[in-house]
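Report on the structure given below.
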Amino acid sequence: MTYRIIQWATGGVGRAAIQGIVNHPELELVGCRVYSKKKAGRDAGEIAGTHALGVAATSDVDALLALDADCVLYSPLMADAAELERILRSGKNVVTPLGWLYPWRGTDFAALEVACHAARVTLHGTGIHPGGITERFPLMISALSGSVTHVRAEEFSDIRTYAAVEVVRDIMLFGKTPEEAARSPMVSFLSGGFFQSIDMVAAELCVTLDPEKRSAATRSRWRRSR
Amino acid sequence: MATKPIDSPIGAIAPGRVAAQRFTWQGAVRGEVFMTARTNWFMGEEHLDPAWSFGPEGERFEVEVTGDPSVRVSFRGLHPASIAEGLERNRGIVATAMHCVNAIPYVCRATPGIKTYLDLPLVAGRGALGLR
């Protein structure tokens, strides 16, 4: 059985996903959503740096939704729940690294769950951190342990390797004064995903969390010269 | 010692400006922390005040379950070997993409609805093309 896939957006994740789809024995790329005029009409394989795939990238959403496809890998810069619902209602399963890891407390899950059942499709949220490191692997590792009192998932990364410079500069506010950076929306922007992961781990481990969760940001500066 | 602005992919950063950030999310039970998720995002490990570092293990992801017994796993290989490599093709981004790609067959075979890791069977990768 080969599943027919549409790749939605061709940023870092999208280009790597096209490479992965091409090399996966059960998957075939049949459509590719792009957002810039520069990319529209180009071969999806060429955009992803593989061989030509005979799939022309397009920004025509209606044409993509009309395609006979089994699944959309939905990875634009920002998720649009209304657009996601349209994709599901067109009869396509969706896998996305943009949330919906464990969305039962969210405001948009009811509409998406209804759309899934109406069109008989599945929505699955995944990723890396959150979306793997934060809950999938802690849950797996917890199977080797009993009487669990604490779970920790932690990332140690050199942010200079992150190619989305606009995010690093304009949203995370690196390079700003500590007072300016304290106004970054990044922690609350990421809270939705990380708190879903914490909810998933606690629920499966039969732990009842306090209703209020905490988030915090601390910062270090370039050292001043003497 | 930083005596002048230091170069970074977002441009030169002056001394005194933010070069490392640590974000933490926690859930607690009756005030006692039960789960901690944290990102340590640093522009390198030099010239930082406070003098934060990744520790001897360097860049990584870490998962720790405290219990009987306590277990700790360190994930290496999900970080690029150099800044230039990361900007070109970041292994963490590739892993994110592959986690999505590899889930697709299982998601296509699932019953309708929003499905999490707790609902789907074990998701695995696939062998290289030449090995089939």
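Reminder, nothing fancy here: chain letters follow the sequence lines and each chain counts from 1.
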R152(A) vs V63(B), side-chain contact (heavy atoms from CB on, under 4.5 Å): CA-CA, chis, key distance, verdict: CA-CA 6 Å; R152(A) 177 174 62 89; V63(B) 172; over 6 Å; no
Winner by heavy-atom pair count (cut-off under 4.5 Å) against chain A, out of I114(B), N90(B), I104(B), V73(B): I114(B)
Per-residue contact mode, E85(B) against chain A (heavy atom under 4.5 angstrom): neither
Among S145(A), S215(A), C116(A), residue most engaged with chain B (heavy-atom pairs, under 4.5 Å): S145(A)
side-chain contact (heavy atoms from CB on, under 4.5 Å) assessment of Q21(B) paired with M186(A): CA-CA 11 Å; Q21(B) 306 199 60; M186(A) 199 65 189; over 6 Å; no
Heavy-atom neighbours of E32(B) CD exceed 12 at 6.0 Å: no
Within the 6.0 Å centroid threshold, strictly below: H124(A) and Y117(B): yes
Residue P80(B) versus chain A: region with a heavy atom under 4.5 Å: side chain
Residue among I10(B), D119(B), T96(B) with most heavy-atom pairs under 4.5 Å to chain A: I10(B)
Atom of V18(B), atom of A181(A) and distance for their closest heavy-atom approach: CG2-CB, 3.7 Å
Verdict with supporting geometry, R160(A) and L87(B), side-chain contact (heavy atoms from CB on, under 4.5 Å): CA-CA 8 Å; R160(A) 293 176 298 180; L87(B) 296 176; over 6 Å; no
Stepwise side-chain contact (heavy atoms from CB on, under 4.5 Å) test for L48(B) and R221(A): CA-CA 6 Å; L48(B) 295 178; R221(A) 302 173 297 176; over 6 Å; no
Closest heavy-atom pair and its distance - K115(B), T122(A): CG-CG2, 3.3 Å
Nearest atoms (heavy-atom pairs only) where G175(A) meets R17(B): O-NH1, 3.1 Å
Over 12 non-hydrogen atoms of neighbours within 6.0 angstrom of CZ in R76(B): yes
side-chain hydrogen bond (donor to acceptor under 3.5 Å, both in side chains) assessment of H99(B) paired with R136(A): CA-CA 11 Å; H99(B) 206 187; R136(A) 182 200 280 282; 3.0 Å; yes
Among G49(A), A16(A), G131(A), residue most engaged with chain B (heavy-atom pairs, under 4.5 Å): G131(A)
Chain A contact via L129(B) - which portion, at a heavy-atom distance below 4.5 Å: side chain
Residues S157(A) and H79(B): side-chain donor-acceptor under 3.5 angstrom: yes
Proximity breakdown for E113(A) and chain B, heavy-atom pairs closer than 4.5 Å: both
Contacting region of V187(A) [heavy-atom separation from chain B under 4.5 Å]: both
Contacting moiety of F195(A), where chain B heavy atoms sit under 4.5 Å: side chain
Segment of Y74(A) engaging chain B (4.5 angstrom heavy-atom cut-off): neither
Among the listed options H150(A), K92(A), R219(A), the residue most often paired with chain B at heavy-atom distances under 4.5 Å: H150(A)
L77(A) atom CG, neighbour heavy-atom count above 12 within 6.0 Å: no
Closest-packed option against chain B by number of heavy-atom pairs under 4.5 Å, given A17(A), P25(A), A217(A): P25(A)
Reported CD1-to-CG distance for the pair I159(A) and N40(B), which is rounded to 0.5 angstrom: 11.0 Å
Polar side-chain atom of S220(A) near backbone of P50(B) as donor-acceptor pair, under 3.5 Å: yes
Heavy-atom closest contact (Y102(A) atom, T116(B) atom, distance): CD1-CG2, 4.0 Å
Which of R60(B), R22(B), R30(B), Q26(B) touches chain A most, by non-hydrogen pairs under 4.5 Å: R60(B)
Atom group of L27(A) that falls short of 4.5 Å from chain B, counting heavy atoms: side chain
Minimum heavy-atom distance W25(B)-S191(A), with the two atoms named: NE1-OG, 2.9 Å
Residue part contacting chain B, namely of L209(A), when any heavy atom lies under 4.5 Å: both
Heavy-atom pair with the smallest gap, counting every atom of C108(B) and D70(A): SG-CB, 4.0 Å
salt_bridge(R38(B), E155(A)) N-O dist < 4.0 Å: no
Toward chain B, the part of P130(A) with a non-hydrogen atom under 4.5 Å: neither
Gap separating the CZ atom of F61(B) from the OG1 atom of T134(A), nearest 0.5 angstrom: 8.5 Å
Residue, of G44(B), G125(B), G55(B), S8(B), that accumulates the most heavy atom pairs under 4.5 Å with chain A: G44(B)
Check ion pair R126(B)-E26(A) (N to O, under 4.0 angstrom): yes
L173(A), part contacting chain B, at a heavy-atom distance under 4.5 Å: backbone
L118(B) portion near chain A, given a 4.5 angstrom heavy-atom threshold: side chain
Heavy-atom proximity to chain B below 4.5 Å, by part of I5(A): side chain
Portion of V207(A) that has a non-hydrogen atom of chain B nearer than 4.5 angstrom: side chain
Interatomic spacing from CG in D68(B) to OG1 in T149(A) - rounded to 0.5 Å: 10.0 Å
Top contributor to chain B interface from W100(A), F174(A), Y162(A), W104(A) [non-hydrogen pairs under 4.5 Å]: F174(A)
A12(B) portion near chain A, given a 4.5 angstrom heavy-atom threshold: neither
Heavy-atom neighbours of R120(A) CZ exceed 12 at 6.0 Å: no
Structural part of Q19(A) lying under 4.5 Å from a heavy atom of chain B: side chain
Side chain / backbone / both / neither for M98(B) at chain A, heavy atoms under 4.5 Å: side chain
Between L78(B), V123(B), V107(B), L120(B), the one whose heavy-atom pairs under 4.5 Å with chain A are most numerous: V107(B)
Between F75(B) and F137(A), ring centroids under 6.0 Å: yes
Contact class of M140(A) relative to chain B, heavy atoms under 4.5 angstrom: side chain
Top contributor to chain B interface from N93(A), V165(A), D158(A) [non-hydrogen pairs under 4.5 Å]: D158(A)
Which atoms of S184(A) approach chain B - backbone, side chain, both or neither, heavy atom under 4.5 Å: neither
Toward chain B, the part of F194(A) with a non-hydrogen atom under 4.5 Å: side chain
